[in-house]
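Notes to accompany the following structure.
Please read these numbers as outputs of a predicted model, since none were measured by experiment. For the single chain, residues carry numbers from 1 onward in sequence order.
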Amino acid sequence: MRKNIFFNRKKLLGLAAGILTFCMTGSLVYGAGEAVDMEPADSQEQMVKSYLTGEDVPESVGRRRPVAVMLGNNIEGAPQSGTTHAGVIYEAPVEGNITRLMGIFEDYDSLEKIGSVRSCRDYYIFYANEFDAIYAHYGQAAYALQYLDNGVIDNLNGLILGGTAFYRTSDRQAPHNAYTSAEYLQRGIDAKGYRQTYKDGYTGHYQFSDTEVIPDSDCTANIVHLDNFSDNHPWFEYNADTKKYSRFQYGEAHIDETTGEQLTCDNIILQYSNYQPYDANGYLNIDTSSGGQGKYITRGKAMDITWSKDDASGITHYYDTAGQEIRLNPGKIWVEIVLNDSVDGVTFQ
């Protein structure tokens with residue numbers, strides 16, 4: 001049964017004015033100037049510490065399962081797009097003296113272009129698993145198939161998902177023109193039915209410090225040259241004003257192609273690793289679990305570290321010379337996988 005509702009003209013005009021004011025200002029005005037604040041819903045979202053960077057981020061970002069994307073890094077594949085949004089970036093050698101990157105993203109909702117996306121190498125599967133990440137790649141080396149086929153990692157494979165999770169552009173030649181985006185990643189995740197929250201019991205990869213970390217070391221690291229990578233010859237330069245390292249390769253600033261911004265980071269980890277060649281084609285079997293030595297670099301200093309894992313599927317932990325697990329400065333991290341027989345190619349200034 002309907003009720004008859006009567007509004008006089010003055011009340012109708014007042015209500016209309018209130019709605020208009022709300023649309024323009026975010027406050028809803030009642031009658032004679034009484035206002036009720038209507039804050040945007042997302043401004044009330046709880047902030048949490050990111051498991052990737054240790055920085056304060058919205059809970060919807062910091063507790064969402066990240067995506068690890070394989071990125072081409074030879075001269076045809078660089079510069080990449082979307083990389084300024086990666087919280088952690090791994091760089092490791094592949095066959096042919098080139099390197100490949102893996103960007104780990106938790107904050108990617110605004111990204112329309114991430115890539116170019118390239119193929120999987122088996123050791124990257126284990127690095128990505130340390131972050132409970134969904135692994136996005138376009139194809140794989142034969143030696144990775146046993147892990148992909150046996151479900152060692154939740155992954156989005158361009159050879160299977162094609163136009164669902166990835167797209168091609170016309171500005172580069174294949175295979176350097178495969179990309180993904182927030183929308184395409186979501187489509188792929190939905191198609192595979194993967195969870196998008198961290199697994200039970202996951203509490204993060206790194207330990208972050210509440211106070212500034214300046215390594216107690218005599219090793220100055222204002223410039224870090226990685227000439228062990230003989231194709232791109234990357235290096236980092238420290239800026240004491242911003243307290244960040246700027247990244248260079250191929251003789252120039254390493255930028256995000258979409259934004260034109262140079263890539264920077266707060267922390268660099270050199271992880272010295274044993275390896276064996278898989279075959280005469282140069283495919284590498286890099287040891288991701290046996291442990292070894294390395295360096296932690298931040299605030300213009302480099303300190304000696306060791307690294308180890310509890311098991312092959314576990315998280316890598318880094319320790320100082322006293323055996324204490326190191327704490328990092330909050331911020332972005334580059335992990336450089338340096339083969340043990342090329343450590344002499346790393347120099348500091």
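The residues Glu212 and Lys301 are annotated as not salt-bridged, no charged nitrogen and carboxylate oxygen being separated by less than 4.0 angstrom. Taking the charged nitrogens against the carboxylate oxygens, Lys113 and Asp171 do have a contact shorter than 4.0 Å, which makes a salt bridge. Salt-bridge check for Asp132 with Arg195: passed, with a basic side-chain N closer than 4.0 Å to an acidic carboxylate O. Using a cut-off of 4.0 Å between Lys/Arg side-chain N and Asp/Glu carboxylate O, Glu336 and Lys295 are scored as not salt-bridged.
Atom CG of Leu226 sits about 7.0 Å away from atom CZ of Arg247, to the nearest 0.5 Å. To the nearest 0.5 Å, the span separating CH2 on Trp307 from CD on Gln271 amounts to 4.5 Å. Note that the SG atom of Cys120 and the CD atom of Gln140 stand 6.5 Å from one another [nearest 0.5 Å].
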Working for ring-ring contact (aromatic ring centres under 6.0 Å, His included), residues Phe236 and Trp334: CA-CA 10 Å; Phe236 294 87; Trp334 276 72; 5.7 Å; yes
Test side-chain contact (heavy atoms from CB on, under 4.5 Å) applied to Val117 and Val69, step by step: CA-CA 7 Å; Val117 183; Val69 184; 3.9 Å; yes
Worked verdict on His137 versus Leu148 for side-chain contact (heavy atoms from CB on, under 4.5 Å): CA-CA 11 Å; His137 58 101; Leu148 298 174; 3.7 Å; yes
Evaluation steps, side-chain hydrogen bond (donor to acceptor under 3.5 Å, both in side chains), between Gln186 and Asp190: CA-CA 6 Å; Gln186 191 61 54; Asp190 290 343; 2.9 Å; yes
Residues Ser246, Thr264; criterion side-chain contact (heavy atoms from CB on, under 4.5 Å); working and verdict: CA-CA 4 Å; Ser246 297; Thr264 63; 3.9 Å; yes
Derivation and outcome, side-chain contact (heavy atoms from CB on, under 4.5 Å), residues Asp256 and Leu263: CA-CA 7 Å; Asp256 182 324; Leu263 303 184; 4.3 Å; yes
CA sep, side-chain torsions, deciding dist, call: Arg63, Glu45, salt bridge (Lys or Arg N to Asp or Glu O under 4.0 Å): CA-CA 12 Å; Arg63 294 300 175 264; Glu45 186 174 356; over 6 Å; no
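The backbone N or O of Glu112 lies less than 3.5 Å from no partner atom in the side chain of Glu183, so there is not a single donor-acceptor pair. Gln80 contributes a side-chain N or O that, together with a main-chain N or O of Gly72, makes up a donor-acceptor pair within less than 3.5 Å. Looking only at distances, no side-chain donor or acceptor of Asn285 sits under 3.5 Å from a matching main-chain atom of Gln276. Under a 3.5 Å cut-off, the side chain of Asn177 and the backbone N or O of Thr169 do form a donor-acceptor pair. Between the Asp287 side chain and the Ser273 main chain, no donor and acceptor come within less than 3.5 Å of each other. Remark: the backbone N or O of Thr53 is paired with a side-chain donor or acceptor of Ser50 at under 3.5 angstrom. Within the 3.5 Å criterion, the main-chain N or O of Asn329 finds a donor-acceptor partner in the side chain of Asn267. Judged by distance alone, the side chain of Asn155 and the main-chain N or O of Ala136 form no donor-acceptor pair under 3.5 Å. Put simply, the side chain of Asn281 never gets that close to the backbone of Tyr283: no donor and acceptor are under 3.5 Å apart. Checking side-chain atoms of Asn129 against main-chain N and O of Val152 turns up a donor-acceptor pair under 3.5 Å.
Hydrophobic cluster membership differs between Leu71 and Ile153, with clusters built from Ile, Leu, Val, Met, Phe, Trp and Tyr side chains linked at under 4.5 angstrom. Hydrophobic clustering (side-chain heavy atoms under 4.5 Å, transitive across Ile, Leu, Val, Met, Phe, Trp, Tyr) keeps Tyr127 apart from Tyr272. Tyr90 and Ile98 end up in the same hydrophobic cluster when Ile, Leu, Val, Met, Phe, Trp and Tyr side chains are linked at under 4.5 Å. Val338 and Ile286 sit in two unconnected hydrophobic clusters of ILVMFWY residues. Membership requires side-chain heavy atoms under 4.5 Å apart, directly or through other members. Cluster membership check: Phe131 shares its hydrophobic cluster with Ile125, using side-chain heavy-atom separations under 4.5 Å among Ile, Leu, Val, Met, Phe, Trp and Tyr.
Within 6.0 Å of CD on Gln207 lie more than 12 heavy atoms contributed by other residues, nucleotides or ligands. Other residues, nucleotides and ligands contribute over 12 non-hydrogen atoms within 6.0 Å of the CG atom of Asp149. The 12-atom threshold is not exceeded at CD of Gln293, counting heavy atoms of other residues, nucleotides or ligands nearer than 6.0 Å. Counted within 6.0 Å of CG on Asn97, heavy atoms from surrounding residues, nucleotides or ligands total 12 or fewer; the atom is thus considered open.
In summary, the side chains of Asp341 and Tyr275 do present a donor paired with an acceptor at a separation below 3.5 Å, with no hydrogens or angles considered. Using modelled atom types, one finds a donor on one side chain and an acceptor on the other under 3.5 Å when comparing Gln249 with Asn73.
You'll find the ring centres of Tyr296 and Tyr318 outside the 6.0 Å limit. Aromatic pair Phe105/His85: ring centres not closer than 6.0 Å.
Shortest non-hydrogen contact noted between Lys49 and Gly54 is CD-O, 3.5 Å. Of all non-hydrogen atoms in Gly204 and Ile315, the two that sit nearest each other are O-CD1, 3.6 Å. Closest approach of Arg172 and Gly77 over heavy atoms only: NH1-O, 3.0 Å. Shortest non-hydrogen contact noted between Asp122 and Leu284 is OD1-O, 4.0 Å. What you find for Glu130 and Gly314 is that their closest heavy atoms are CG-O, 3.3 Å. When every heavy atom of Asn157 is checked against every heavy atom of Gly139, the shortest pair comes out as OD1-N, 3.0 Å.
Contact annotation: the side chain of Tyr238 approaches that of Lys243 to within less than 4.5 Å [non-hydrogen atoms, C-beta and beyond]. Taking the side chain as every heavy atom from C-beta outward, Val57 and Val48 approach each other to under 4.5 Å. Under the 4.5 Å side-chain criterion, counting only non-hydrogen atoms from C-beta, Tyr123 is not in contact with Ile337. Leu328 has its side chain out of reach of Thr298: every pair of non-hydrogen atoms, C-beta onward, lies at least 4.5 Å apart. Under the 4.5 Å side-chain criterion, counting only non-hydrogen atoms from C-beta, Ile114 is in contact with Leu185. Side-chain contact between Met303 and Ile326: present, with at least one pair of heavy atoms (C-beta onward) separated by less than 4.5 Å. The shortest distance between side-chain heavy atoms of Lys244 and Asn239 does not fall below 4.5 Å. Contact annotation: the side chain of Tyr135 approaches that of Met70 to within less than 4.5 Å [non-hydrogen atoms, C-beta and beyond].
For residues 98-110, the salt bridge (Lys or Arg N to Asp or Glu O under 4.0 Å) pairs, not counting sequence neighbours, are Arg64-Asp109.
In this pair, Tyr198 and Tyr51 present their aromatic rings perpendicular. The plane angle is above 60°, beyond the 30 to 60° band. The aromatic rings of Tyr138 and Phe166 stand perpendicular to each other, their planes meeting at an angle above 60°, with 30° marking the opposite boundary.
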Determine all donor-acceptor pairs shorter than 3.5 Å in which one atom belongs to a side chain in residues 214-223; sequence neighbours excluded.
unit_1: Ser217; atom_1: OG; unit_2: Cys219; atom_2: N; d: 3.0
unit_1: Ser217; atom_1: OG; unit_2: Ala302; atom_2: O; d: 2.5

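Taking Ile, Leu, Val, Met, Phe, Trp and Tyr as hydrophobic and joining them when side-chain heavy atoms fall under 4.5 Å apart, one finds Tyr179 in a cluster with Tyr167, Tyr184.
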